[in-house]
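Take a look at the structure below.
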Amino acid sequence: MATSTAYPVGFQCAGAIVEQLRSSLGAPCQKQRTSPPSLGYMCTYVPEEIIHAAGFAALRILPGTAPAFIADAWLPGFCCAVARGCLARSLSGELDQLSGLVFASTCDTMQCLGDIWGMARPQDQIVDIDTPTHLDSHHVMSYLTGELSRFAHEVAAISGRAISFQTLWQSIRLYNRKRQLLRQLEDSREHLNSTDYLVVINAGFVLPVEAYVALLEQLTIQLSEESHSEVATGIPLMISGALLEDTTVHELLDELGGRVVGDDLCNGSRYYDTLVAESGDPFEALAVRYLHRAPCPCKHAPAHSRLERLRGMVRCTEASGIIFALHKFCEPHAFDYPYLAHTLEEEGIPSLLLEVESTSSRGQLRTRLQAFLEILSL
Amino acid sequence: MYCHGVDIGASAVKVILISTARGVVDQATASSGYGARDTARRLVAETLSRQKLSPADVRYTIATGYGRVSFAEANAEVSEISCLAQGARHLCPDAHTVIDIGGQDSKAIRLLPNGTVANFALNDKCAAGTGRFLEVMAHILGVDLEALSHLSQQATSPVTISSTCTVFAESEVISHISAGESREDIIAGLHRAIVDRVLGMAARVGLAPLVVLTGGVANDDGLVQALSSRAGLDISVPESPEYVCALGAALIAAARSQ
Amino acid sequence: MAHRRLQATRQLNRLMTKHYLAARHFHPMRPIAYVSSGAPVEILRTMGFLPVYPENYTALCGARKASLSLCQTAEAQGYSPDLCSYARTHLGAIADPSAAPMGGLPRPDLILCCNNICGTILKWFQTVSRLYDVPLFVLDTPYVKGKLKEETINYVNTQLEKLIQALEKNFPRRYREARLRKVVALSNEATALWRDIRYLCTARPSPLNAPDLFVNMAPMVVLRGTAAAVRYYRALKTEVEERVARGIGAVPVERYRLLWDNIAIWYELFRFHRYFERYDACFVVDTYTGAWSGLVECDDPIRGLACTYTPILLNIGFAQRAERMIDLIEAFQVDGFVMHANRSCKPYSLGQYAIQRLVSERTGVPGLIVEADMCDPRAYSESQLKTRIQAFMETLSMRDSPYVGPRHL
């Protein structure tokens, strides 16, 4: 657990909110909570709005600290720590309170995990949703819309609560509000250190959306009222990768004099950058957002879209460099990395590759980050 | 009628001499060193001279372990998996899962009701999860291997060792020492690291009672306790756990000599 | 005893050489298409494209022991050593054709990728399409757990129709349904022949061993839909039938019949399986070469392609894969199975612990998991593999006669 920054008196409220969000990430809280009933998911392509409209809370399963060896009976060594960690939590009983799990079609590992989970935990209710690989409407609009609608029926059957267009729009508006607030929060990045900022985002995945939105409303107000103070200083950096819920890298940056000014993370801007259009058919609106949101590299996006987005973000945030924090055995990100890094390098944007795994030692990460920051400060 | 079981491990050679009438009559062990084969010959000769026997009295010899292929004096060589299965089952008739933590590798074996091998897994790719791991760490902590057991049982708050690689785990231990963690807590953390590694392998083949732990490392009670509490199962450790494999080899030799 | 060489091998070598030469010779009259192994290539053949298979090429690089240096070249460019070794081999060959067998593959004009085999092939082919700046066509075949849904078939069907339209728009090639029917019929004929050949191995002794299956599956992949493939498999089938009639086995003594799961270990193909001959064991069947065994319905050939290519082995749930393995164990009277935990292939390898336990429980037949890689020799450790193989074969032999120790000891 990172120690929180000592905020000056005027920040007490913001600081207190951050602490509340940090404690919501603690395992005991999650274990005991059975109300509201929740469906767990692992990828952000899962439509939370539909889960919510059916009367469930959508809970993102983060890897956690359950002993990974339990999962060794089901997964070989060449598998990312995210999949292994989530399965280990389930096998050790930490997720027993969930009413079910949702698996979307994303990367090979997640696809295998969804399959293995069903065999390792036959008592779990598993719902699959096929989220297509294509991201152009030409190919997938009708299929995706149909799949979203089918998913809604399946989830409603579990909760016993039919989903009307009205309830679905309500959920969509609520999640849009969440995303909007998270986008607004970016304007206050310099008021929070990098670790706390990440904690705030992570908390949004485990708290029920109503409670989180309420806290975010308060937090954004508090932070914008303190516009004259800057808490965070340091060399501005972008961070790019898949899921990076572990705060070690951010803590080290705070320690070493780096500052995260923008991110291209699964638990970051890729989650909230695009809203759902609030008109027309709700399933079509959800499908359109699916196609237009910042893509995960496991999808078939136009050739240079990821590069363009990263380049744009670096320019906008005036970052001095990018950290690619990639999980060992994560193929989609590792295939894109050389092209992204080399092209950006040629354009004068240096980058650092950090291979993270559950067994990474803090010392090894520290050395690399420190060296990178030293290079950037020359 | 006598038979020899010769287990030529990477760290130590173990020899068992059995008589079909009286059971185990002698045993001997020594460090493998560079000339493991010579060590094996020497130990075999020792057991014979102590029992006032000659080589002609030995009907069948089976060699097993890392160095088994080069031990020409044996009538046959058999894998450690088969030998461990035989030895463990003989000593513990209800054995279901056998976990062996040797000097440089570790194994997990699941047995069928009739004692034959259902499934097995080996870790011989890295030292983590083996006796070598403990040796390296004991050295850094400045304690004898024998002391590890009672020290770990005095731990109050075991540290976490996250590296799966022994070399990097060493650096972690050194950081814990500089951070002022107690020896006891560090050793308990090391035990837990080995146990997790070994249990991961055991889970793959099927971990169910009765679990039998063999290999030299089983003499470390602290580790046995850590294994038992982590697995949530009782662990049975035979007397002279480092000889179980050689015993199994001798039993197979006895069967084949008939 | 020397490995019994099939007569057909000479014809096979000529066929494969012609295939690789044709790619260079007939271009630019016929556009070259890189194709993934599980893609419905019949569409491309119908329209006169020349299909070239990077997966087959990289397997060949593995077999010729050229893959290691190519992988290292790719790694030097920043590609992680944990990525699929086929992809690393190919990317290395593109970066340094001088180090690649046959000087690498000819430049493609387009790439067709179907993700029924994995998601990695999409990333690999995205990278290649970027390097060559050529269009990439993607066929998205959703994973099938349980029943193959009507919506899934329609989605794939629609994509195939759009693919044809896009190909006609971008290249001077025309699609004609009558021609597709002819190509599909040829595919089906080769598929049926290959299926028959594999089933001849239910004989005791088996006329073929795993290496024979792996080597002879090549035309099934790269020449599917051609008359040449049909001719080849007819000749091969005749030869194999003759072996069965004369009781000629692939191994000197067949005491144990084994099943192989996963892609071959290409750079040790013959030596690895021959090691088992020491234990009088023959691999009479495998799950990989059987992946091309579905016939395509001809009435509505596009829909037929969607129905056959979507539920292939790597695109169905693990419980179903286990059932297929159980069926093979029963049909081929298998005594033990060996699963290659292939680091490079997650869809094939991640479920192996689960499948191994399920299959062993249901059939009582023991299984062994060996860790290696299909194309990267650094993941292959001979002494460790031998230890495991020996232990496993002893397990099989002791199953016949479990030793009940002298109780009085």
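A pairwise comparison of heavy atoms in A/P338 and C/G78 identifies CG-O, 3.4 Å as the closest pair.
For the pair C/L83 and A/F335, the minimum side-chain heavy-atom distance is below 4.5 Å. You'll find the side chain of A/Y339 stays beyond 4.5 Å of the side chain of C/L131, heavy atoms only. Proximity of A/P297 to C/K123: side-chain heavy atoms (C-beta onward) are separated by under 4.5 Å at one or more points. Taking 4.5 Å as the limit, every side-chain heavy atom of C/E151 sits out of range of all side-chain heavy atoms of A/D130. Contact annotation: the side chain of A/M119 never approaches that of C/R357 to less than 4.5 Å [non-hydrogen atoms, C-beta and beyond]. Inter-residue side-chain proximity for A/Q111 and C/K346 is flagged as unmet; no heavy-atom pair is nearer than 4.5 Å.
Only the backbone of A/D72 comes within less than 4.5 Å of a heavy atom in chain C; its side chain stays farther off. Heavy atoms of C/S129 lying under 4.5 Å from chain A are absent altogether. Proximity to chain C involves both the backbone and the side chain of A/T109, based on heavy atoms less than 4.5 angstrom apart. Residue contact with chain A, scored on non-hydrogen atoms closer than 4.5 Å, is absent for C/I369. At a 4.5 Å heavy-atom cutoff, the contact between A/A334 and chain C is made by backbone and side-chain atoms alike. Residue contact with chain C, scored on non-hydrogen atoms closer than 4.5 Å, is absent for A/A341. Neither the backbone nor the side chain of A/C107 comes within contact range of chain C; no heavy atoms are under 4.5 Å apart. The contact between A/Y337 and chain C is made entirely by side chain atoms (from C-beta outward), counting heavy-atom distances below 4.5 Å.
Separation of atoms NE2 (A/H300) and CG (C/L139) is listed at 11.5 Å; rounding is to 0.5 Å. A/D108 CG to C/Y348 OH: the interatomic distance, rounded to the nearest 0.5 Å, is 14.5 Å.
When each of C/T127, C/T120, C/L122 is scored by its heavy-atom pairs under 4.5 Å with chain A, the top score falls to C/T120. Of the listed residues (C/C113, C/G317, C/S80), the greatest number of heavy-atom pairs within a distance under 4.5 Å of chain A belongs to C/G317. Heavy-atom pairs under 4.5 Å with chain A peak, among C/Q77, C/R130, C/Q352, C/Q126, at C/R130.
A side-chain contact (heavy atoms from CB on, under 4.5 Å) with A/F78 is found for one member of C/D373, C/L350, C/N342, C/D82 and no other, namely C/L350.
Applying the 6.0 Å contact sphere to CZ of C/R362 captures no more than 12 heavy atoms from other residues, nucleotides or ligands. Atom CG of C/D327 has more than 12 heavy atoms from other residues, nucleotides or ligands within 6.0 Å.
The main-chain N or O of A/P132 is never found under 3.5 Å from a side-chain atom of C/D140 such that the two would form a donor-acceptor pair.
One side chain, A/H134 or C/Q159, offers a donor N or O that lies under 3.5 Å from an acceptor on the other.
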**Request:** May I have the step-by-step check of salt bridge (charged side-chain N to carboxylate O under 4.0 Å, His left out) for A/D128 and C/K145, ending in yes or no?
**Result:** CA-CA 9 Å; A/D128 293 303; C/K145 252 166 141 185; 3.1 Å; yes
**side-chain contact (heavy atoms from CB on, under 4.5 Å) evaluation trace for C/F318 with A/I116** = CA-CA 7 Å; C/F318 294 152; A/I116 288 168; 3.5 Å; yes
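Relative orientation of the A/Y143 and C/Y155 rings is parallel, given thresholds of 30° and 60° on the angle between their planes.
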